[in-house]
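A short write-up of the structure that comes next.
So you know, we letter chains A, B, ... as the sequences are listed, proteins then strands, and number each from 1.
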Protein chains: 2
Amino acid sequence: MPYDPSAFPPFAVTVDLVVLTVRNHALCALVVRRGEPPFQGRWALPGGFVRAEEDLEAAAARELKEETGLRSHEPDGSDAGAHLEQLATYGDPQRDPRMRVVSVAHLVLAPDLPAPTAGGDARSARWATADSLLGSGDGMAREGDQAVPLAFDHDRILLDGVERARSKIEYSSLATAFCPPEFTVGELRRVYEAVWGVALDPRNFHRKVTGTPGFLVPTGGTTTRQGGRPAQLFRAGGATLLNPPMLRPEV
Amino acid sequence: MPYDPSAFPPFAVTVDLVVLTVRNHALCALVVRRGEPPFQGRWALPGGFVRAEEDLEAAAARELKEETGLRSHEPDGSDAGAHLEQLATYGDPQRDPRMRVVSVAHLVLAPDLPAPTAGGDARSARWATADSLLGSGDGMAREGDQAVPLAFDHDRILLDGVERARSKIEYSSLATAFCPPEFTVGELRRVYEAVWGVALDPRNFHRKVTGTPGFLVPTGGTTTRQGGRPAQLFRAGGATLLNPPMLRPEV
DNA sequence: GAAATAGTGTCTCTGAGACAGTATGAC
DNA sequence: GTCATACTGTCTCAGAGACACTATTTC
């Protein structure tokens with residue numbers, strides 16, 4: 001097939017967002033209720049069309065802002081914005097019943113937030129635990145007792161996003177993206193426990209994270225917001241790749 | 001922006017391929033010479049348009065077949081095809097000077113092959129070492145003594161593909177995708193050495209790979225094609241994730 | 001015989017996990 | 001005081017890396 005720009009099939013390109021946070025010791029994802037067909041009334045991942053002169057990452061950052069008010073991280077690392085990275089691209093010809101849509105999914109990791117602000121085209125938005133959305137592996141989202149799958153192929157996209165997050169906090173410092181700017185070792189441990197769904201030994205965890213160079217930087221302050229003995233406050237250090245990595249138990 | 005399929009910007013969607021192999025103890029990538037503008041006469045990654053009713057992975061497999069004659073791996077793992085996986089998607093509005101093109105890059109890992117068959121729209125195709133294409137980090141492809149960058153943003157795509165391959169053989173059994181169906185421990189070690197650009201201790205490597213469950217399965221045969229004492233032949237075992245992982249030195 | 005590659009044994013050091021014990025707050 | 005959490009120390013075991021040594025081929 002010659003590379004002929006005048007004869008290409010028409011595609012729509014969208015971005016979809018897997019926005020994850022940790023709330024109440026559980027990994028949660030942001031879902032919005034669809035206001036129009038297809039899948040009207042069903043829950044879906046936030047997202048929308050890429051504009052004609054817009055980069056993919058810019059489109060993802062714009063949708064994130066519109067749906068949650070969150071800013072994404074600046075490349076210089078200067079702000080407290082959420083982490084945003086490209087996840088994967090989904091282009092099954094049948095994934096949207098109306099037309100050919102290729103969606104570039106992005107993964108967003110954010111600290112715990114107030115209730116989401118439903119903006120733009122979303123009738124409503126909410127945080128749902130990843131477990132309830134992914135069900136027992138049957139791809140059904142639980143709403144009350146009713147099992148309803150997410151719209152389009154968003155179950156698959158969410159699963160890929162959750163798995164990316166679970167593996168990436170092993171060898172990178174990304175778990176700090178789920179924490180506020182200052183946090184304790186115990187709070188960071190609860191992030192790992194929520195994302196992996198396991199219990200970790202607090203003593204070994206403490207020794208490990210404080211001993212990994214560049215992971216945590218003490219800020220000097222302390223807090224007792226978890227009760228018990230005051231805990232040192234830390235912020236994320238400059239390291240992005242952890243060496244040695246954090247190991248997920250029972251792999 | 002409402003999800004309105006009748007008002008979307010026009011996009012072209014392509015697949016580009018980072019096809020890697022190991023030849024003469026060096027990691028090599030497949031490049032094709034462009035026959036038309038833009039970037040006429042320059043080297044580029046193989047690729048082409050996604051067809052109207054074609055899945056992204058199917059388009060990548062089709063382009064691979066057209067440009068190299070290689071079949072990609074069937075999902076049931078029954079054949080000896082090359083490994084193919086999605087890499088990332090590149091959609092800078094300026095990446096193609098003619099129009100808005102979003103390219104879904106795929107990574108292909110293949111055993112050493114005869115000279116590539118230039119098919120379809122490629123004037124010619126060749127294997128070039130990753131080092132020569134990536135230069136000293138300056139993004140220039142060497143041809144003789146002349147430094148010529150790859151077309152479009154293919155330098156960036158190639159770099160991402162090489163980095164994916166380098167990291168993925170650490171924790172998966174994908175290094176066997178560079179080997180013929182039956183291979184020796186020494187041949188597998190030379191794959192790691194070529195991809196990582198390091199020297200590994202043959203004795204520790206042997207103990208490690210033969211001790212990792214599910215990585216290698218002895219076929220019973222032996223070969224002396226490397227000279228010296230006859231070496232056992234192995235084929236890839238069922239394991240895809242290695243536990244414990246192979247560790248890249250000096251990280 | 002020399003040279004080359006394959007494969008085993010053994011030592012040391014690092015780090016993960018188990019878990020005892022101490023420190024410091026709220027009540 | 002009790003309770004909860006933070007933090008430190010110590011033990012054991014697995015595995016990575018260094019490297020001596022043996023095995024089996026070609027020349």
A quick test of your reading: do over 12 heavy atoms of other residues, nucleotides or ligands sit less than 6.0 Å from CD of A:Glu85? yes
Starting from C1' on D:dC27, measure out to CZ on B:Arg229 and report it in whole angstrom. 19 Å
Length of the CG-P vector between B:Leu242 and D:dG15, whole Å: 14 Å
Testing C:dA16, C:dA6, C:dC19 for proximity to the side chain of B:Gln226, the answer is C:dA6
Nucleotide D:dA6, atom C1' - distance to CG of A:Leu188 in whole Å: 14 Å
Do A:Arg189 side-chain and D:dA6 base share a donor-acceptor contact under 3.5 Å? no
Do B:Glu163 and B:Arg248 meet the salt-bridge criterion of a basic N to acidic O distance under 4.0 Å? yes
Between C:dT8 (C1') and B:Gln232 (CD): distance, integer Å: 13 Å
Expressed in angstrom and rounded to an integer, what is the separation of A:Arg225 atom CZ from D:dA4 atom C1'? 17 Å
Nearest-nucleotide pick for A:Arg203, side chain only, options being C:dA20, C:dT8, D:dT24: C:dA20
When rounded to the nearest 0.5 angstrom, what distance separates CD in B:Gln232 from OG1 in B:Thr219? 8.0 Å
From CZ of A:Phe205 over to C1' of C:dC19, roughly how many Å is that when rounded to an integer? 18 Å
Is it the case that the base of D:dA16 and the side chain of B:Arg207 share a donor-acceptor contact (distance under 3.5 Å, atom types as modelled)? no
Given that B:Pro245 and B:Gly227 both sit by DNA chain D, which one's nearest nucleotide is further toward the 5' end? B:Pro245
Does A:His206 place a side-chain N or O at less than 4.0 Å from the phosphate oxygens OP1/OP2 of D:dC7? yes
Measure CG/B:Asp201 against P/C:dC11 and give the value in whole Å, please. 17 Å
Can you confirm whether B:Leu27 sits close enough to B:Phe178 that some side-chain heavy atom of one is under 4.5 Å from a side-chain heavy atom of the other? yes
What nucleotide among D:dC19, D:dA16, C:dA18 has an atom nearest to a side-chain atom of A:Asn204? C:dA18
Quick check: on DNA chain C, is the nucleotide nearest B:Thr184 upstream (toward 5') of the one nearest A:Thr224, or the reverse? Name the residue that is more 5'. B:Thr184
A:Asp160 with A:Arg156: basic N within carboxylate O range, under 4.0 Å: yes
Please report, rounded to the nearest Å, how far the P atom of C:dG15 is from the CE atom of A:Met246. 14 Å
